[in-house]
Amino acid sequence: MLFQPAIIALMLASGLAALLVLASVPFAWTVVRRWNLADGSEAQLRMERRTYLVATLLKIVMAAELAALVLFVFNADRMATLFTGAMCAVGTLKVDPWGFPTLYLKLAVFFLAGCWLVLDHVDNRGWDYPLIRVKYAALILLAPVLVGSAVVQGAYFMGLRADVITSCCSTLFSGGGVTVTSNSVASLPHGLALSLLAGSLAAVLASGAVVLRWRRCGWLHALLSVAAFVIGMSAIISTISVYVYEMPHHHCPFCILKREYGHIGYALYVPLFVGTVCGLGAGIAGWAGRRPSLSTMAPLVARSLAAWSVGGYALFGLVALWLIERSHLILFEVVP
Amino acid sequence: MPRPADIAVALFTVAACAVAATFVDAAIGVSDATPRLAERAALVERLGLTDLSLFTEARYTRHLSQADAHAPFQDHPFAIEHFPSGSLVTPPRHQGGH
Amino acid sequence: MIHLTGVKKAFNQGRANEFWALKGIDLHVAQGKVTVFRGPSGSGKTTLLTMVGCLARPTSGRVKLKERDISSLPERFLTDIRRSTFGFVFQNFNLLKGITAVENVMVPAYPLGGDHGALRHRAHELLDRLEMGPKAKSMAEWLSGGEAQRVAIARALINDPQVVIADEPTANLDSARSAQFLDIVAEMKRDGRTILMTSHDPLVAEAGVVDHVVTMRDGVVVEAR
Amino acid sequence: MPVWLNRQRALLDFALSSLGRRLGKTLGLAVVYTLIVAVLASVMLFSHAIRREAAQVLAGTPELLVQRLVAGRHDMIPAERLDAIRAVRGVKSAEGRLWGYLFDPAAAANYTLMVPADRVVEAGSAVVGSGVADVRGVAVGDLMSFRAHDGNLVQFRIKDVIDNDSALVSADLFLVSETDFRRLFGVPADRFTDIVVAVRNPREVRTVAEKIDAALPDTRIILRDEILRTYESVFDWREGILLVLLVGAILAFAIFAWDKASGLSAEEKREIGILKAVGWETSDVIRLKAMEGTVVSLGAFLAGYLLAYLHVFHWGAALFAPVLKGWAVMYPEFQLTPFVDELQVATLFFFTVFPYTLATVVPIWRAATVDPDQVMR
């Protein structure tokens, strides 16, 4: 265990978030079983009022998890000096087996909480709360993820001992790698990665345009958003980061967040994350539009989410393009 | 008359700018201090010093990294001991070389 | 425009002090008319007004507003309907202390997000019409009973509701002020608004502007004319 | 969008006037909150700055130090070990160092006696750090004398005082010639305090260290990396401990905030009831109260951080100096370089705003869900 302000803050945040959601589970279960709007009893009224609390808490949890995600990566990078051989966040995360699972779980929590908030937002537009059971069932499913994320993070931080020899990004991401996935991601050919990226961005923008124009196919947009997220991340690791570092064998998704590179990573990740979470939300809102009481409101929500999503992906694409354009590294010879 | 909300937003903006200004001030301070830091670093290198002279009250705290494995009054390598700076700084943990 | 069928309301349900304030009300409120509910205190007339005005939901029974069943709407949507359809004048006026009369008038419109300047203009206009223009910048707690009531009326009208609900409007006023209030009611009626009042006051029940009088006792309607 | 913006502006207006109506309570809360942020921020800024300072200043520390241990105690190392070390592959050079501590009863202070590698000090003269000069009140040309190991008096004429700018590393230095050092402590000519090793390829430091360790089993080896890392984690650890103690303060404050938020006065409850009755929705009230909270917490955070920044970097960290100084007779005068870290500011924000928000959310919700019809009852 390392006593560090950022670590204490992270443990505090995820512990409290898990506790809050866990504490809402019995209530969620009551809603799933007992919800009945036609009932004018005081118990039903109390239940309705309690939903405001849960929604507010979830908003706070979501905000905290978002902040925690940034803080976690930032801190992992900063702690690299404490571990022999660790040169950036990758090294710190490889110090014990819980590092990367923590990161993945944090990502999952962020996206799931985002989806839940969209669900809540849409449901609140329908006069009969048509999705309330779905929503609270989803909350019950969300709880173990949050608890898991807190526990895994705890295990990770507890297991940290300064000065453990770890692999760093240069050995992890270029040859002789430790993780298979990261390696195969890093060894993705640049041309393939960029064309996949261009293709998926085009697809996701097109499907977003369909949602915007005809207010349908939200599910397709959500699916393509997930694909674009995965491909976007792979492209960052395999190719875009290389352009940023201007070193052909340096593939690291974290170093681009560093000050040395002008924190440029945030300009890539923030739009990508916004695009993805809004794309998922657009899918959820589109699906909710099938309920009669939401048939007018949900497509509107889907539309504005799709607009945000399209904006996010477009910005991501532009930033990526600009990074490639300004780089001194040439990976492709232009034949005149 | 400006509305209170706008005044508040303006005030918060000013305060946020002041926070941003501390970063600028810090950057200026660091660049001002660079020659001084470099000079200190050069002295350290020339003399082969290993530690800061912040903790000079006990004979083993001036050179924290060079302390004995069993320095006097130190019951346990991690014990917080009698001298105030000893409560601030534990003896080095990595004495074995590797 | 408002139909109540078999409306019942219980407080402290399931506890030892359970109490049924309304025991089955059937009622029709006509549009553009002035209706007065009277009866001894505890007869359930105020509770009935809260049902009609979407302030609370009946424990059982149906409330229909213009053919729309609103009795099982969640609070969120009930509020939506309430703020666009109803304006309230409370017995104790219930002005917010520490802010001016005109700000009190504007408060109900804040969550609607309309243009602030236009809202302020409308609030001043309403106060002027109620002859409260000179007092617009006074703090609410400095106003006399009659003044406070007129501010409360202006507040009730700020979102241009179709229905104005007044609970014991003349309880804290002398006769001259009460007569003045009834003039304001007549004016609101001329504007096409529906007005619902509860009152003990015979002056109110017998006023010329009143179209219907509903008499209640122990949570049931005993007479409607 | 304009509707949304108008609504936020109107709610913010109302939140401010609501705070203004309870000025005493608001100010009390804000002042306590600001102070807590300021103390936390000072701890973080101070320890980070000193950590970075140490890292930068000590970057030129010897790559590799070899010390002899006898029964767990540091002992003088024989000169023939130099050859053994030089024989290890990858070693560029190895030099013996002579340094030690000297307790000066006149000043009740410990000096670090050292034979400098970078300059020649003539026998009988000395170069002293500014702390030594201050504590003994000596200047260039003055005489200082100490009793040697055999009781004889050894005299030094101060030849030079090291510039005050580098006091952070040199305040207690007392640089003497090799002859004087050996005479004073009785160190035989073939013994050194420890050995400084330079390595040809910096990447090989660890391998070289292992080889030396294998060749000379009675030694311990200290790497530059380790020194730097130790300083890093040492200040981290201390900062962490301080923060854990301060978490108590944060908790106390959270309870205080909870109490303030849940102990709504009758007047406040009446206000919320009126707002709900005239057409505010529960979420509007929650938003209003959240805005009130945000104004307080954001204001306190910004003010507290700014105060801490001024305190640590412009007012000389007056609160921490006593802790650091401890009983040290010689304390270097140094101006802390303002290293500020975004991560720290972010952490601080998290630390102070998150608990407050959480502590107030339940009371806010409870207040916001009063029956709208209660004002009629």
Side-chain angles (χ1 to χ4, degrees), chain C residues 9 11 21 45-51 53-57 74-100 103-119 139 152 155-156 158-159 161 165 167-168 198, chain D residues 1-27 264-292 364-377:
Chain C
K9 177 71 176 178
F11 290 105
K45 51 189 194 308
T46 301
T47 310
L48 182 62
L49 275 195
T50 63
M51 300 291 121
C54 295
L55 272 173
R57 250 167 32 189
E75 241 179 67
R76 194 185 299 268
F77 301 92
L78 221 49
T79 308
D80 233 22
I81 292 173
R82 185 168 79 235
R83 62 179 163 207
S84 58
T85 316
F86 297 96
F88 293 88
V89 181
F90 304 104
Q91 182 175 0
N92 306 316
F93 316 130
N94 279 328
L95 297 184
L96 295 173
K97 289 178 191 152
I99 60 174
T100 61
E103 281 173 297
N104 259 295
V105 173
M106 290 158 68
V107 158
Y110 282 165
L112 296 176
D115 178 66
H116 196 76
L119 174 63
M139 287 295 166
R155 182 176 67 184
I158 189 77
N159 286 338
I165 293 179
D167 188 23
E168 298 287 353
T198 66
Chain D
M1 210 56 170
V3 169
W4 182 84
L5 203 64
N6 275 335
R7 179 162 65 197
Q8 308 305 317
R9 261 174 94 191
L11 288 183
L12 183 54
D13 263 349
F14 196 78
L16 290 169
S17 97
S18 166
L19 286 173
R21 268 173 276 151
R22 285 171 279 278
L23 200 61
K25 185 175 159 180
T26 309
L27 276 185
L264 285 182
S265 62
E267 183 57 31
E268 278 174 272
K269 283 192 183 133
R270 192 180 145 258
E271 275 186 27
I272 292 173
I274 293 172
L275 290 177
K276 291 202 70 177
V278 300
W280 284 42
E281 217 266 306
T282 305
S283 51
D284 294 328
V285 179
I286 292 179
R287 189 166 298 141
L288 168 78
K289 289 283 154 191
M291 265 185 190
E292 285 178 22
I364 285 176
W365 164 77
R366 202 164 277 157
T369 49
V370 294
D371 287 322
D373 60 339
Q374 73 160 23
V375 288
M376 301 265 282
R377 285 186 210 151

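Keep in mind that the numbers below use all heavy atoms, side chains included, and drop hydrogens, waters and symmetry copies. Order of the sequence lines sets the chain letters (A, B, ...), proteins ahead of strands, with each chain counted from 1.
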For this session: Please state whether the side chain, the backbone, both or neither of D:Gln8 comes within less than 4.5 Å of a heavy atom of chain C.
Result: neither

Problem set entry | Segment of D:Arg287 engaging chain C (4.5 angstrom heavy-atom cut-off) | neither

Exercise. Most heavy-atom pairs under 4.5 angstrom with chain D, which of C:Met106, C:Glu103, C:Lys97?
Worked result: C:Lys97

Exercise. Charged N to carboxylate O under 4.0 angstrom, C:Glu168 versus C:Lys45?
Worked result: yes

Exercise. With chain C, which of D:Asp284, D:Ile274, D:Leu275, D:Leu288 has the greatest number of heavy-atom pairs at distances under 4.5 Å?
Worked result: D:Ile274

Problem set entry | Backbone of C:Leu96 reached by a side-chain donor or acceptor of C:Asn104 within 3.5 Å | yes

Exercise. Would you call the rings of C:Phe90 and C:Phe88 parallel, tilted or perpendicular if under 30° counts as parallel and over 60° as perpendicular?
Worked result: parallel

For this session: With a 4.5 angstrom heavy-atom cut-off, could you sort out which part of C:Leu112 is near chain D: side chain, backbone, both or neither?
Result: backbone

For this session: Please answer whether the main-chain N or O of C:Ile81 pairs with a side-chain N or O of C:Ser84 as donor and acceptor at a distance below 3.5 Å.
Result: yes

Problem set entry | D:Ser283 versus chain C, the contacting section by heavy-atom distance below 4.5 Å | side chain

Problem set entry | Which atoms of C:Leu95 approach chain D - backbone, side chain, both or neither, heavy atom under 4.5 Å | backbone

For this session: Name the region of C:Arg82, side chain, backbone, both or neither, that has any atom closer than 4.5 Å to a heavy atom of chain D.
Result: side chain

Exercise. Should D:Arg22 and D:Glu267 count as an ion pair when the cut-off is N to O under 4.0 Å?
Worked result: no

Exercise. For the side chain of D:Arg7 and the backbone of C:Gly113, is there at least one donor-acceptor N/O pair under 3.5 Å apart?
Worked result: no

